[in-house]
Amino acid sequence: MENKKSSLSTIWIFVTLNYLYCDLIGLMDSSLLKQYLTGNVDGLAINENFLLYAGILMEIPIAMVLLSRVLRKNMNCWANIMAGSLKTIVMIITLFMGSVTKYYIFFASIEIATTLFIVGYAIKWLRQKEV
């Protein structure tokens, strides 16, 4: 069981680093950076509420790094299924918002594949009988 907990935690670290690096590259994109500086990106207002919601969405994978290691099996599986599903849905939705760049599609594909893997891994673990 510890191996599965460790694996899930490590996978959440991997996907979190992808989220963060994609955001960092976005700040290096001069056309996006100009929009960030105006507080409006492709018609989306980057205000305090938006940043709060973005922070909450980023806290999910960060928290899952810890929760995957400390929660008991059933709660762990369900937390991973819910968090992985939510992050997958959010990433798919972002692909249909504003102008999507090649680098964003690249990172989003990795992130979606990873969170789908987390969901599948947690479902498989949930169905396994403890020996």
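Counting begins at 1 with the first residue of the sequence.
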Enquirer: Taking side-chain contact (heavy atoms from CB on, under 4.5 Å) as the criterion, tell me which of Thr16, Val65, Thr114 meets it with Ile11.
Expert: Thr114
Enquirer: Is Leu67 close to Trp12 at the side-chain level, that is, under 4.5 Å between some pair of heavy atoms?
Expert: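 Not in contact.
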Enquirer: Treat each ILVMFWY residue as a node, draw an edge where side-chain heavy atoms are under 4.5 Å apart, and state whether Met64 and Leu71 are in one component.
Expert: yes
Enquirer: Are Asp42 and Gln35 close enough, and set up right, to give a side-chain contact (heavy atoms from CB on, under 4.5 Å), and what steps lead you there?
Expert: CA-CA 8 Å; Asp42 290 335; Gln35 291 182 70; 3.3 Å; yes
Enquirer: Give the cluster check for Trp78 versus Trp125: same hydrophobic cluster or not, with ILVMFWY residues linked at side-chain heavy-atom distances below 4.5 Å.
Expert: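 Result: no, two separate clusters.
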Enquirer: What heavy-atom pair brings Lys5 and Arg69 nearest, and what distance separates the two atoms?
Expert: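 Smallest interatomic distance, heavy atoms only, reads CD-O, 3.5 Å.
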Enquirer: Can you name the closest pair of heavy atoms from Pro61 and Leu57 and give their distance?
Expert: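 Taking Pro61 first and Leu57 second, the nearest heavy atoms are CD-O, 3.1 Å.
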Enquirer: For the OH atom on Tyr21, are there more than 12 heavy atoms of other groups (residues, nucleotides or ligands in this structure) within a distance under 6.0 Å?
Expert: no
Enquirer: Using side-chain contact (heavy atoms from CB on, under 4.5 Å), reason through Asn76 and Asn80 one step at a time and then give a plain yes or no.
Expert: CA-CA 6 Å; Asn76 199 327; Asn80 276 282; 2.7 Å; yes
Enquirer: Which heavy atom in Val100 sits nearest to a heavy atom in Tyr104, and how many Å separate them?
Expert: CG1-CD2, 3.9 Å
Enquirer: Where is the tightest heavy-atom contact between Gly26 and Tyr36, given as atom of each residue plus distance?
Expert: O-CE1, 4.0 Å
Enquirer: Is any side-chain heavy atom of Ile105 closer than 4.5 Å to a side-chain heavy atom of Lys102?
Expert: no
Enquirer: Please test Thr115 against Val119 for side-chain contact (heavy atoms from CB on, under 4.5 Å), starting from the C-alpha separation and ending with a verdict.
Expert: CA-CA 6 Å; Thr115 51; Val119 171; 5.7 Å; no
Enquirer: Would you say Phe50 ends up clustered with Ile93 if hydrophobic residues are merged whenever their side chains have heavy atoms under 4.5 Å apart, either directly or through other cluster members?
Expert: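 Linked, Ile93 and Phe50 end up in one cluster.
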Enquirer: If you look at every heavy atom in Ser68 and Ser9, which pair is closest and at what distance?
Expert: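 So the minimum-distance heavy-atom pair works out to CB-N, 3.7 Å.
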